[in-house]
Amino acid sequence: MNLLPFGKLPAAKPRKFVPQNADLGDWPKIAPLFDQLEQRAPQIRTASDLEAWLLDWSELNAALDEESSRRYIAMTCHTDNADAEKAYLHFVEHVDPQLKPRQFTLEQLYAAHPLREKLSRERFNVFDRDVKNHVELFRQENVPLETEEAKLSQQYQKLSGSLTVNFRGEEKTLVQMGRYLEEPDRPLRQEAWELVSRRRLQEADKFDDIFDEQIKLRSQIAKNAGFGNYRDYIFRRMGRFDYTPEDCMKFHDAVEKEIVPIARELQAQRRQQLKLEKLRPWDLSVDPLNRPPLKPFVQTDEMVSRTQKIFNRLDTELADGFQQMQDLKLLDLENRKGKAPGGYQSTLSESRLPFIFMNAVGLQRDVETILHEAGHAFHALATRAEDLYAYRGAPIEFCEVASMSMELLGNEFIEEFYSSPDAKRARRVHLEGVVGVFPWIATVDAFQHWIYTHPNHTRDDRRKAWLGLMDRFGGDVDWSGFEKGRANLWHRQLHIFIHPFYYIEYGIAQIGALQVWANSKTNKAKALNDYKKSLELGGSRPLPELFSAAGCEFEFSAKTIQPLAKMMRDELGKLA
């Protein structure tokens, strides 16, 4: 029984190294392929043979990645199917753990290979840099510490995911409670918000216990690798070769100076429209004019056909890519029972084709999601000709430029979904979201810089540092009576616990996307062409070159942000 939405997919290239009928879910069948690569490495005598060895390794990686993706897709499309869950967990528990040490051995063999220097520097510079970095940072004594760190992350997820409240006689998860903050009934919003805030505070000590242990472990991991603090270590481990902690500080300063004033203006307008003396934390998600939610479509088929029309108007090549995804059934978009929540784009690495998963229910955020995920899909399609597996993916700072740009470019034709007044409202809602996310990104990032450069801080020090950042980047919201909730608000941000320092990427990418959009306003054809050309590069060039190819500056101080902030303020004025 095929549990995948799609059937047999056209191969990007025939296999040369991995046997056609290899069972890639069975480790004893996979291990001999790694054995072969390990045994061949010392016998390589020419640069062209080393390149062929790399391509065989690439082919194996792509085949294994696609096997993992197919199992994940089947499991998320059918959470109620025991076989799908079993197949996915088998790969996670019995294949993934075996892969990591074998992959690392191949990286070591490559990094130490005498012929590595004979390969084209232009072609292999980024790949070399990343492999060498990974090998240099490895410390055997950090392996058990990283296992402990993963267990603590799982404890955070378990605690966070277990929280429920009893709301008007029904048990609700905290995620389910979010929708009540959009209700026009203000006392209802307040009741829902207070209930969630109190529930989180009941577990505040447990969240802090987990985090204190994580800080200790992370500081030790950094020390073992020869770094003075965890921040400097994680910048290296994340391959942040093209920007520094100082660049992040410039981003924080620029957001404070250029974006926060716009966010506060928007909040002042919201307060006036809601006819309130002060905005409270439960007043931030409701429509300020108490209008019902936008209704862009009823059936998912309508969403697909209207999205297709947007791409038809935007660019023929992109439109063809989206049509190809429909023809190959690489879309599973409708919300239904037995389907995992959320949305994602997954690349089937051997077929070199993208798949989009969503839970569309007929809301404006569904339109934003399909445009966003289509941007990621166009990125995957653009790199189909790239044979080096590592280069078919780009750093997250640029992957999100692909998707966020598509939200902004696609929004230009959103009348395919709406009447003119509703299209205006949809564009404004989207742009307000872009403005609003910058201060939160700066808050979360600056907080982590402070935490890991002050590893011996107390919980009280930490709360004070957080509240200082909330004052610096937060809006004009009255938290009186809920000071403890404000001081512990960071507990809800899973990145701080699970993916330390992974968040500013979204801010950097949004700066890139806004530049693509700004360029399209002066020369649409050139902006789109630059965007498409940059996607074709995948991850083969350093970040500044990827941004440059897209017609953007890889720079995130006030110099770059100021004109983008002005553009957003002007656009919001037109959409008032």
Side-chain angles (χ1 to χ4, degrees), residues 178-179 181-184 189 255 258-276 279 282-297 303 306-307 309-310 313-314 360-372 374-375 403-441 474-477 506-507 509-511 513-521 524 561-576:
R179 73 178 199 82
L181 299 180
E182 297 175 22
E183 290 287 336
R189 293 199 307 270
V255 168
E258 306 295 344
I259 308 275
V260 169
I262 306 175
R264 289 180 177 160
E265 285 165 26
L266 291 172
Q267 287 187 336
Q269 287 171 21
R270 167 175 283 274
R271 183 176 53 74
Q272 287 159 8
Q273 287 171 327
L274 287 167
K275 299 181 173 55
L276 298 172
L279 275 184
W282 48 85
D283 296 323
L284 305 178
S285 299
V286 66
D287 182 77
L289 298 174
N290 282 336
R291 294 165 295 191
L294 287 161
K295 291 273 191 272
F297 59 91
M303 180 183 77
R306 290 174 185 184
T307 304
K309 285 177 184 172
I310 287 177
R313 292 173 68 182
L314 184 64
V361 291
L363 298 175
Q364 161 59 15
R365 67 170 164 262
D366 296 328
V367 179
E368 292 175 14
T369 302
I370 190 65
L371 292 172
H372 181 99
S403 53
M404 291 172 172
S405 296
M406 198 42 59
E407 291 178 46
L408 291 160
L409 296 169
N411 261 349
E412 299 282 321
F413 305 107
I414 209 161
E415 281 82 0
E416 293 296 344
F417 282 95
Y418 296 116
S419 65
S420 192
D422 279 355
K424 204 171 172 182
R425 178 182 163 194
R427 285 190 188 107
R428 185 176 174 92
V429 165
H430 179 253
L431 205 49
E432 284 184 358
V434 173
V435 169
V437 79
F438 274 110
W440 183 250
I441 289 169
D476 191 12
V477 179
Y506 295 106
Q510 192 70 76
I511 292 167
L514 286 167
Q515 290 180 80
V516 170
W517 189 39
N519 294 343
S520 79
K521 289 177 177 299
K524 185 160 268 154
I561 291 180
Q562 193 271 334
L564 300 175
K566 182 183 183 305
M567 175 181 72
M568 287 195 287
R569 183 183 261 122
D570 292 347
E571 287 292 326
L572 286 163
K574 292 178 203 170
L575 298 168

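Since we're looking at a predicted model, the values are computed, not measured.
The shortest heavy-atom contact between Tyr418 and Ala423 is CB-N, 3.5 Å. Residues Ala360 and Phe297 share a closest heavy-atom pair of CB-CZ, 4.0 Å. Summarising the geometry of Gln364 relative to Ala426, their closest heavy-atom pair is OE1-CB, 3.7 Å, with the distance given to 0.1 Å.
Contact check for Met303 versus Thr307: side-chain heavy atoms found under the 4.5 Å cut-off. In this structure, Asp476 and Leu279 have side chains that are not in contact, with every pair of non-hydrogen atoms separated by 4.5 Å or more. In this structure, Leu294 and Val367 have side chains that are not in contact, with every pair of non-hydrogen atoms separated by 4.5 Å or more. Residues Leu284 and Gln267 meet the side-chain proximity criterion, which asks for heavy atoms closer than 4.5 Å.
Here CG of Asp283 is found 9.5 Å from CG of Leu181. Values are rounded to the nearest 0.5 Å. The line from CE of Met568 to CD1 of Ile262 is 5.5 Å long, rounded to the nearest 0.5 Å. Summarising the geometry, atom CD1 belonging to Ile561 is positioned 9.5 Å from atom CD belonging to Gln515; distances are rounded to the nearest 0.5 Å. Within the model, atoms OH of Tyr506 and CD1 of Ile511 stand 15.0 Å from one another, a figure rounded to the nearest 0.5 Å. Note that CD of Gln269 is 8.0 Å distant from CG of Leu572, once rounded to the nearest 0.5 Å. Note: Glu432 CD to Leu575 CG = 9.0 Å, rounded to the nearest 0.5 Å.
Residue-environment remark: CG (Asn290) exceeds the threshold of 12 foreign heavy atoms within 6.0 Å.
Among residue pairs with one or both ends in residues 261-272, those qualifying as salt bridge (charged side-chain N to carboxylate O under 4.0 Å, His left out) are Glu265-Arg569; sequence neighbours excluded.
The side chain to side chain contact (heavy atoms under 4.5 Å, CB included) test applied to Arg313 returns Phe413, Glu416, not counting sequence neighbours. For Glu571, the side chain to side chain contact (heavy atoms under 4.5 Å, CB included) test picks out Leu431, Trp517, Lys521, Met567, Lys574, with sequence neighbours left out. By the salt bridge (Lys or Arg N to Asp or Glu O under 4.0 Å) test, Asp422 pairs with no residue at all, sequence neighbours left out. Listed by chain and residue number, Val435, Pro439 satisfy the side chain to side chain contact (heavy atoms under 4.5 Å, CB included) test with Ala263 (two or more places apart in sequence, or in another chain). Partners of His372 by ring-ring contact (aromatic ring centres under 6.0 Å, His included), not counting sequence neighbours, listed by chain and number: His376.
Here the options are Glu412, Lys309, Met406, the test is side chain to side chain contact (heavy atoms under 4.5 Å, CB included), and the partner is Leu314; only Met406 passes. When Arg189, Arg428, Arg425 are each tested for a salt bridge (charged side-chain N to carboxylate O under 4.0 Å, His left out) with Asp287, only one passes: Arg425.
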Review point. Going through the distances and angles, do Phe438 and Glu258 end up as a side chain to side chain contact (heavy atoms under 4.5 Å, CB included)?
Key: CA-CA 10 Å; Phe438 274 110; Glu258 306 295 344; over 6 Å; no

| query | Going through the checks in order, is the side chain to side chain contact (heavy atoms under 4.5 Å, CB included) test met by Val516 and Leu408? | reply | CA-CA 9 Å; Val516 170; Leu408 291 160; over 6 Å; no

